[in-house]
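Chain naming here is simple, since letters A, B, ... match the order of the sequence lines and numbering starts at 1 in each.
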Protein chains: 2
Amino acid sequence: MISDPNDVRENNLRMVLDMIREAGTISRVDIARAAQLSRSTITNVVNELLPTDLIHESGTVSSVVGRRPILLEFNYDARALLGVDMGASHLTVVAMNLGGRVLAIRRESFPVLTNPDQSIAEIQRLLREVQAEAGYDQEKTWGIGIAVPSPLEGEKLDRLSPIIMSHWIGVDLKREIRAAMRLPVFVDNDANMGALAEKWWGHGREVHNLAFIKVATGVGCGLIINDTIYRGEGGTAGEIGHTSIDVNGPLCRCGLRGCLEAMTGVPAILAAVQAELDNGRPSLLAGKAVTVADVVAAARAGDPMPIEVIQRAGRYLGLAIANLLNLVNPGLIVLGGSVTEAGDMLLSPLRQTVRERSFAKSNAEATITMSRLGEDAVAVGAATLVIQQLLHVPGMPILQVIGGKM
Amino acid sequence: MISDPNDVRENNLRMVLDMIREAGTISRVDIARAAQLSRSTITNVVNELLPTDLIHESGTVSSVVGRRPILLEFNYDARALLGVDMGASHLTVVAMNLGGRVLAIRRESFPVLTNPDQSIAEIQRLLREVQAEAGYDQEKTWGIGIAVPSPLEGEKLDRLSPIIMSHWIGVDLKREIRAAMRLPVFVDNDANMGALAEKWWGHGREVHNLAFIKVATGVGCGLIINDTIYRGEGGTAGEIGHTSIDVNGPLCRCGLRGCLEAMTGVPAILAAVQAELDNGRPSLLAGKAVTVADVVAAARAGDPMPIEVIQRAGRYLGLAIANLLNLVNPGLIVLGGSVTEAGDMLLSPLRQTVRERSFAKSNAEATITMSRLGEDAVAVGAATLVIQQLLHVPGMPILQVIGGKM
DNA sequence: AAAGTTAGTTTTGTTGCGAAACAAATTGGT
DNA sequence: ACCAATTTGTTTCGCAACAAAACTAACTTT
């Protein structure tokens, strides 16, 4: 709520900076027109921003008649952000610039869920590596975002779920990383971070509401509602993995029956393959210790059994997504996570089911795509969280953040 | 987005008026403290509000020491709002004051879906009746809200769904009522209006996110997200009635199979009763043309068959609500619509299913209640929409609305 | 009665906006 | 080459709205 004229300037500063960032290059008049402010005000605001290294003037552009506008350009490389994707069994760490470009990346397998202390040490090591590779010193690094495979609970949404991350009870991830790296740290759910990444840099830039569905070991959903992450009243929104698909379905790790996750998560897909093999079904996969990549590879090679398994998963996902569309009516559904490596083999039956199960015409025609950012989506989203928190959260002293006059 | 000092006053005016309205009576200091503004500013703002008849000073209240604060009191009876609930087969029209108190009400059966012209004439007649009974003249009536049993589509969310309201294609409800009554008219979906009513006057006052589920001929869901009605990207959010409960379930009027509506809507319940009777099941209901009220009455009398039918509906609803809780995590679920007359008979199995099917602990403990406003909820919500649109929508010239100096 | 306390008002100073005037940079016509 | 027309950006000025501080009002305690 803006209620005093001081906040008006802060607010306008934020808005103008945001417009330049989104446009890349833009002139003062164009800002004035789009922001519904006078040119004189924009001059003043821009003069406050120019001393920071976040924007600079960069020549002119030809116009039909009259003085040529001076372009203001955003320095996407002025700062770096660090992002961590803590998977159940892997780590991805990125350094990113302000334009969403990945400057350095590390990916490795690690038993995160069961080893909190070692995980934190490993995350620190990887953070320092990418920070060094990207070549940004401490002052030019704005902060660290961490995506965790768990909903965040508690008053301040800062506690990991004890159900999913039982080994992490009592560990203060945020504090430990902040103390070690001496940078601001923000923690959020992995599916939310995927959604944020797609909203900022991926397919979601033009829509106000989208859902990012991550299908990996767990099945989660990040919701962007009215352009911002929606967490729900208690912080557990988006648990699509535990919506019921089949009341009499298999038992899920959460204790319920027939959850989407128990039917399309990685363990479920591997179990389905194993069950078919045990039934004596012939397949290229017989006698191997299979991974999702193996299943996808065999399916691509034309092996009928894995194809069937993947298509079945697609139909289950389609059912859950159709229900999501009917209920939440987002403008876009983005799919991420390892299971989406299956590509069209998964997407075709999924889309078919959505068409069959959508009420409104707009939903039947809803755009459903694979993540544009692929495997990196969650880590990139985590890094993006830092920008979002520092620049978009009201009350953040923006001049201090960007290093303007104080 | 507030960006010029002119809007600052408008914004503060709105905020202060809102605080007095919500508090009923409040002193200037308390407003200053809560609004984070100086006492001098509040004095000025209040001095702009006092000439309108929306607030007045009303004596003092004792304090521990020092000058007693002067209470400012909101005149809930200064204006009236009219609300219309267009059901599929009934009409409810209310006149309401600014405090959510119903001043006059008309309820009657009417085949709304199939007779647009007659419906509009009838609505006008009822509107004039309640307006007269409430005793407010034209100037003291702020406007009319209309709830329709259809999602609103199109760019400006002003077109009725042709699927649900096929007889109404081409009818401009808003324009016709506005022309006849010479008052501002706002139209929205019925479940949204129920949700709005519960958020303003019912059980939802303390939560930021809630779902109002209306179980009648159709099954709809209004969502309040971050304290405002959420409509989705295309305006069709909340269609819980057409989420899939059983892939092999009965055919729904929408063309899909196993929709919640096809299993718990009024026609579904009556069909279930009929099917049991046709099977030769003994019951008090045998040989009668039954309504939902009959089914509930028989169940209350201890007749096992209708009890079973109602409990089954409760379990289906519970399943859909559990999925809603997992996905959207609202702080409250409110049930409305004629089917909820069944009371605990419906609610107990519903709550039981929710407990069984909720992932997060917070959801298993989610509050699920019957509407506090009962049958009137939707009509009251429609009237409330007028307040919300006139006072809360940025850009509305508030001083003009409230009749301050211009 | 005097001192202390809290509520509300008035005065004064500051901030930040828009409007208007102005300066700068460009095109096009004569 | 020069001047009018046009558009961008800056400067000046007046106005609106806020906070701070001084002040008045009303009340309690000593």
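- Taking side-chain N and O atoms only, Arg68(B) has no distance below 4.0 Å to OP1 or OP2 of dA25(D).
- For the pair Gln36(A) CD and dG18(C) C1', the computed distance is 13 Å after rounding to whole Å.
- The CG-P distance, from Asn44(A) to dG18(C), rounds to 10 Å in whole Å.
- When the salt bridge (Lys or Arg N to Asp or Glu O under 4.0 Å) test is applied to Arg101(A), the partners found at least two apart in sequence or on another chain are Asp77(A).
- Of the candidates dA7(C), dG9(D), dT9(C), dG9(D) carries the atom nearest the Ile70(A) side chain, counting heavy atoms from C-beta on.
- In this structure, Ile26(B) atom CD1 and dG8(C) atom C1' are separated by 15 Å, rounded to whole Å.
- Side-chain proximity of Val8(A) to the nucleotides dC17(C), dG8(C), dT27(C) is greatest for dC17(C).
- Applying the 3.5 Å distance criterion, the base of dT6(C) shares no donor-acceptor pair with the side chain of Arg67(B).
- Rounded to whole Å, atom C1' of dA17(D) lies 16 Å from atom CZ of Arg9(A).
- Ile42(B) comes within 4.0 angstrom of nothing in the nucleic acid, heavy atoms only.
- Following rounding to the nearest Å, Arg39(A) (CZ) and dT7(D) (P) show an atom-to-atom distance of 11 Å.
- Residues Arg79(B) and Glu139(B) are not paired through a salt bridge, judged by the lack of any N-O separation under 4.0 Å between the basic side chain and the carboxylate.
- Using a cutoff of 4.0 Å between basic side-chain nitrogens and carboxylate oxygens, Arg9(A) and Glu48(A) are scored as salt-bridged.
- Among the nucleotides dG8(C), dG4(C), dA19(D), the one closest to any side-chain atom of Ser40(B) is dA19(D).
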Expected list for residues 223-230 of chain B: side-chain donor-acceptor pairs under 3.5 angstrom, two or more places apart:
| unit_1 | atom_1 | unit_2 | atom_2 | d |
| --- | --- | --- | --- | --- |
| Asp227(B) | OD1 | Lys199(B) | NZ | 3.0 |
| Asp227(B) | OD1 | His208(B) | ND1 | 3.1 |
| Asp227(B) | OD2 | His208(B) | ND1 | 3.0 |
| Thr228(B) | OG1 | Ile225(B) | O | 3.3 |
| Tyr230(B) | OH | Val328(A) | O | 2.8 |

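- The minimum heavy-atom distance between Leu103(B) and Ala80(B), with the atom names listed, is CD1-CB, 4.5 Å.
- In this structure, CG of Asp7(B) is placed 15 Å from C1' of dC18(D), rounded to the nearest angstrom.
- Mapping Thr60(B) and Val29(A) onto DNA chain D by nearest heavy atom places Val29(A) at the nucleotide closer to the 5' end.
- For Thr41(A), a side-chain nitrogen or oxygen approaches OP1 or OP2 of dG18(C) to under 4.0 Å.
- Leu37(B) has its CG atom 15 Å from the P atom of dT9(C), to the nearest Å.
- Between dA17(D) and Asn12(B), no contact under 4.0 Å exists linking OP1 or OP2 to a side-chain N or O.
- Ser27(B) has no side-chain polar atom (N or O) that falls below the 4.0 Å cut-off from OP1 or OP2 of dA7(C).
- Whole-Å rounding puts the Ile31(A) CD1 to dT7(D) P distance at 19 Å.
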